[in-house]
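Scroll down for the structure; my scribbles are underneath it.
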Amino acid sequence: MTASAAATLAPIPALGVETIGMTKIFGPLVALEDVSIRVEPGTLHALLGENGAGKSTLVKCMMGFYQPTRGEMRVDGHEALVKNPRDAMRLKLGMVYQHFTLVPSLTAAENLIVSRPDCPAVIDWRAETRTLEAFMATMPFWVPLDVPVASLSAGEKQKLEILKQLYLDRRFVILDEPTSVLTPDEADEMLGLLKGMTTRGELTILMITHKFREVTAYADAVSILRRGRLVGGGRVGEISVAEMARAMIGDTEIRERSARAVHEARPTVLELAALYASDDAGLPALTSVDLKVKAGEIVGIAGVSGNGQSALIEVLSGQRDLDDGRIFVHGQPFEPVRDEMDRLKVFSLQEEPLRNSAVPRMSVAENMALRTFDKPPISSLGWWLSPHPMREAARELIARYRVKTPSTDTPIENLSGGNVQRAVLARELSGDVDVLIVANPCFGLDFASVAEIRTQIMEQRNRGAAVLLVSEDLDEILELADRVAVMSGGRITLMSPIGETDRASIGHAMAGGH
Amino acid sequence: MSETTTSLEAGGGVGGLTVDRLAGLLRAAEAIVIPIGAVVVSAAIFSLFLLALGKSPVTFFDLLWRGGYGSAFSWQNTLVRTAPLIFTALCVAVPARLGLVIIGGEGALVLGGFAAAVVALPLLGHAPPWVVMPAMFLAAMLAGSVWIAIVGALRHHRGVNETIASLLMFYIAVAILNFFVEGALRSPVDPNKPSTTPIGPTNMVGEIPGLGVHWGLAFGVVLAILCHVLMTRTTFGFAARVAGGNVRAARAQGLPVGRLIVISCALAGASAGIAGYFEVAAILGKANASLAAGYGFTGILVSFLARHNPLAIPPVAVLFGGLAAAGGLIQRRMGLPDATVQVLQGLIFVVILISETLYGRFAIFDREAKR
């Protein structure tokens with residue numbers, strides 16, 4: 001916090017960046033409206049906002065991926081014209097994306113060297129490596145330089161991405177949700193180091209996030225966007241978490257959370273017995289996974305992304321074959337094919353519904369009928385399909401689950417993310433549910449949708465469904481689960497009732513695989 | 001952001017319905033305007049090609065019109081070529097709903113025609129036409145469907161690219177035909193061109209009264225309608241569209257994706273096999289190398305131009321049938337090689353593929369645009 005004061009006294013490498021009246025209009029859509037943000041040199045500035053609030057439009061305008069409709073940018077007080085990413089590079093502006101942009105088969109050193117814009121056609125590896133080592137010695141953190149990036153942990157990759165920005169001499173770096181793939185411990189370590197670098201004036205950081213904890217613990221200042229406008233901000237410490245949340249969400253009505261009903265002992269409904277599965281490359285993704293979920297219970301599976309959770313979900317929903325092991329529902333062997341899903345009342349709610357659970361080009365009504373299209377009243381004689389009852393059923397679900405859509409015949413891809421997930425939820429949860437498989441159901445959704453979806457999951461539990469919840473959001477698990485399991489390296493490494501564990505021990509178990 | 005969306009909470013009512021209908025009409029308009037625009041653009045490019053050759057585009061399109069659609073005789077010529085194109089286009093369109101690109105319909109056509117001729121051999125002279133004709137028809141369907149179903153099964157069980165597999169299998173189909181027609185099954189009747197024994201006039205398919213075109217055309221139109229009904233109004237079609245639109249979602253719904261792929265391919269192959277049947281039983285009277293006349297490949301263009309919509313296939317097939325029918329006239333009158341028409345076909349195909357990227361780009365068709 002003292003860094004900005006120091007900046008005016010002595011020149012430091014860190015850059016200050018300012019946007020003035022930044023506006024971006026896509027056809028009828030105003031994605032960004034008159035946004036003026038000032039990021040002081042040598043600070044860690046947080047950019048808060050829900051999905052679709054305009055955060056990524058803003059940073060894309062800053063990085064030259066988009067041309068703003070109006071508005072300008074200043075770098076270190078001078079007007080800067082960023083027409084394309086190359087201009088941004090020249091001005092020493094950089095960005096670390098949410099998804100890694102490293103070449104997995106190359107080593108860290110190779111990745112760094114080939115990323116240079118002036119990388120020569122013939123590389124003198126010996127000289128380059130020496131320069132690189134000298135550079136690394138000046139850095140506050142270190143990653144192994146001579147092993148392929150594929151064998152680095154997510155935390156190390158994230159560090160390497162940031163090192164790459166520094167190696168390329170970027171002095172203003174935008175980080176897009178940098179901690180989403182890290183364990184809580186890794187996140188703390190990384191943000192601490194970055195904070196140190198900004199305080200020393202080596203770097204300025206603009207960090208996109210929606211975790212308030214990271215903002216209050218590490219950021220110097222914050223700007224909050226909602227619906228394309230700057231709706232709040234200030235120095236961290238002068239603005240409370242409640243104020244930030246209110247600015248972010250606006251006056252959207254948020255549904256009351258369902259209370260957790262207390263049940264007495266219930267029978268086991270879903271049982272996984274020694275499941276083994278491989279990933280696309282044929283490497284083990286699940287190793288001897290055993291798990292029991294009782295009726296009226298939510299078992300939360302925590303873990304850092306890529307530790308077998310997605311394989312587990314795919315196995316349970318029929319998207320991946322089992323190598324070995326069995327799944328039982330109500331004590332009967334279960335295979336994820338349509339007849340058995342219907343008979344044993346197994347339903348699922350997955351992340352990124354347009355990828356996993358909906359057909360983007362088909363209409364809302366058709367997508368809502370994916371479970372029921374081959375049953376009366378939509379089908380007769382077992383093969384004839386009637387669109388009328390399909391639309392009727394969709395109308396009812398749209399009203400009941402408050403799905404916002406222009407019509408039942410709109411392609412579902414035209415709906416907002418929250419509404420797509422609500423449409424899928426309506427389809428999967430409107431019937432009688434015995435087993436519910438849930439994976440990151442709120443990934444990328446706005447607050448109102450998140451509250452709605454969590455409430456629905458809790459209601460299913462209270463009604464007696466056995467719920468398996470895989471989530472990368474620890475807060476979600478802590479809020480919903482009765483028991484928590486941690487997956488690491490394809491195994492379940494911790495299993496505990498929610499009351500008998502805490503964030504720290506779950507975090508350590510999550511890191512166990514590395 | 002844009003508040004043009006209306007929630008259907010209040011019962012859906014009249015407002016919802018008009019929005020439904022308007023959006024549907026606009027989408028249909030888009031699906032018609034863009035392909036027509038593509039044909040116009042390719043005609044313009046082709047005109048430049050003709051000018052470069054020192055020929056008049058006006059004469060060309062005039063002859064195209066006269067040769068394809070100008071008289072009863074040219075219509076007859078066009079429609080005879082339309083019939084097989086409908087069947088081979090359906091062979092592309094049905095698997096396309098599952099996201100498969102099958103380009104080997106020609107192979108199923110060749111084998112279908114061959115199977116029809118072979119099945120007829122032991123029956124000739126012993127069985128009445130009402131036995132021979134259905135037997136030939138079924139044999140053609142079966143041969144075609146097995147041929148393309150193999151492609152589907154390879155794709156599903158072994159991950160073999162269906163486009164390449166179906167294309168390569170066309171060459172195998174031609175080789176099988178030639179092997180038998182030039183060898184064991186060669187008829188001594190026709191010394192000039194190796195062929196199977198003619199099926200005889202009584203077993204030939206007749207003409208639709210008043211049109212001068214064989215019944216294959218009517219069959220094709222009916223089959224196109226049936227395919228449309230299959231895709232839009234049956235649970236099979238629905239499941240196929242789900243699997244074609246998002247295979248992960250289809251799996252998560254427990255749909256038997258592999259079975260859907262193989263069945264669709266079998267249906268597609270059956271359609272191309274029927275084309276082979278009519279070529280043998282209505283045109284050639286026997287199986288020989290003339291079966292591979294390129295209908296299977298032109299059918300790919302027809303299906304793409306029709307955006308794999310079975311109902312749009314017959315009219316588009318008429319367009320391409322006319323192009324083929326006019327080829328000879330253009331060749332004679334303008335001194336252009338027969339392949340000139342293929343240049344135009346190729347141009348249309350390329351422009352159609354490019355125009356696929358235009359869908360959703362025009363705000364005028366997108367009343368409900370929302371982000």
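The figures that follow rest on heavy atoms only: side chains count, while hydrogens, waters and symmetry mates do not. Predicted, not measured: the structure shown is a model, and the values here were computed from it. So that the names make sense, note that chain A is the first sequence line, chain B the second, and so on, each numbered from 1.
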Nearest atoms (heavy-atom pairs only) where Q319(A) meets A252(B)
NE2-CB, 3.8 Å

Choice from P256(B), G254(B), A250(B), G245(B) maximising heavy atom contacts with chain A below 4.5 Å:
G254(B)

Side-chain donor or acceptor of N246(B) paired with backbone N/O of L354(A) under 3.5 Å
yes

Please round to the nearest 0.5 Å and tell me the distance separating atom OG1 of T234(B) and atom CZ of F373(A).
9.5 Å

Are there over 12 heavy-atom neighbours, none belonging to Y401(A), within less than 6.0 Å of that residue's OH?
yes

Are E366(A) and R241(B) ion-paired here, with the side-chain N under 4.0 Å from a carboxylate O?
yes

Contact part of V229(B) toward chain A, heavy-atom cut-off under 4.5 Å: side chain, backbone, both or neither?
side chain

Shortest non-hydrogen contact from R251(B) toward G318(A):
CD-O, 3.4 Å

In this structure, OG1 of T232(B) is separated from CG of L385(A) (nearest 0.5 Å) by 8.5 Å

Identify which of P360(A), P353(A), P387(A), S379(A) forms the greatest number of heavy-atom pairs closer than 4.5 Å to chain B.
P387(A)

Check each atom of R320(A) against the heavy atoms of chain B and say whether the ones under 4.5 Å are side chain, backbone, both or neither.
neither

Should R427(A) and Q253(B) count as side-chain neighbours, where that means a heavy-atom distance under 4.5 Å?
yes

Sort A239(B) into side chain, backbone, both or neither according to what part of it lies under 4.5 angstrom from a heavy atom of chain A.
both

Check the surroundings of atom CZ in R343(A): do more than 12 heavy atoms from other residues, nucleotides or ligands lie under 6.0 Å from it?
yes

In terms of heavy-atom proximity below 4.5 Å to chain B, should Q350(A) be classed as side chain, backbone, both, or neither?
side chain

Output the distance between atom CH2 (W383(A)) and atom OG1 (T235(B)), rounded to the nearest 0.5 Å.
8.5 Å

A side-chain contact here means heavy atoms from C-beta on lying under 4.5 Å apart; do V359(A) and V242(B) qualify?
yes

Chain B contact via E340(A) - side chain, backbone, both or neither, heavy atoms under 4.5 Å:
neither

Crowding at CZ, R361(A) (>12 non-hydrogen neighbours, <6.0 Å)
no

For R338(A), does the CZ atom have more than 12 heavy-atom neighbours from other residues, nucleotides or ligands under 6.0 Å away?
yes

Taking every non-hydrogen atom, the tightest pair across W384(A) and R233(B):
CE3-O, 3.5 Å

Shorter than 4.5 Å, heavy atoms on both sides: which option in V424(A), N356(A), D374(A), D339(A) has the most such pairs with chain B?
N356(A)

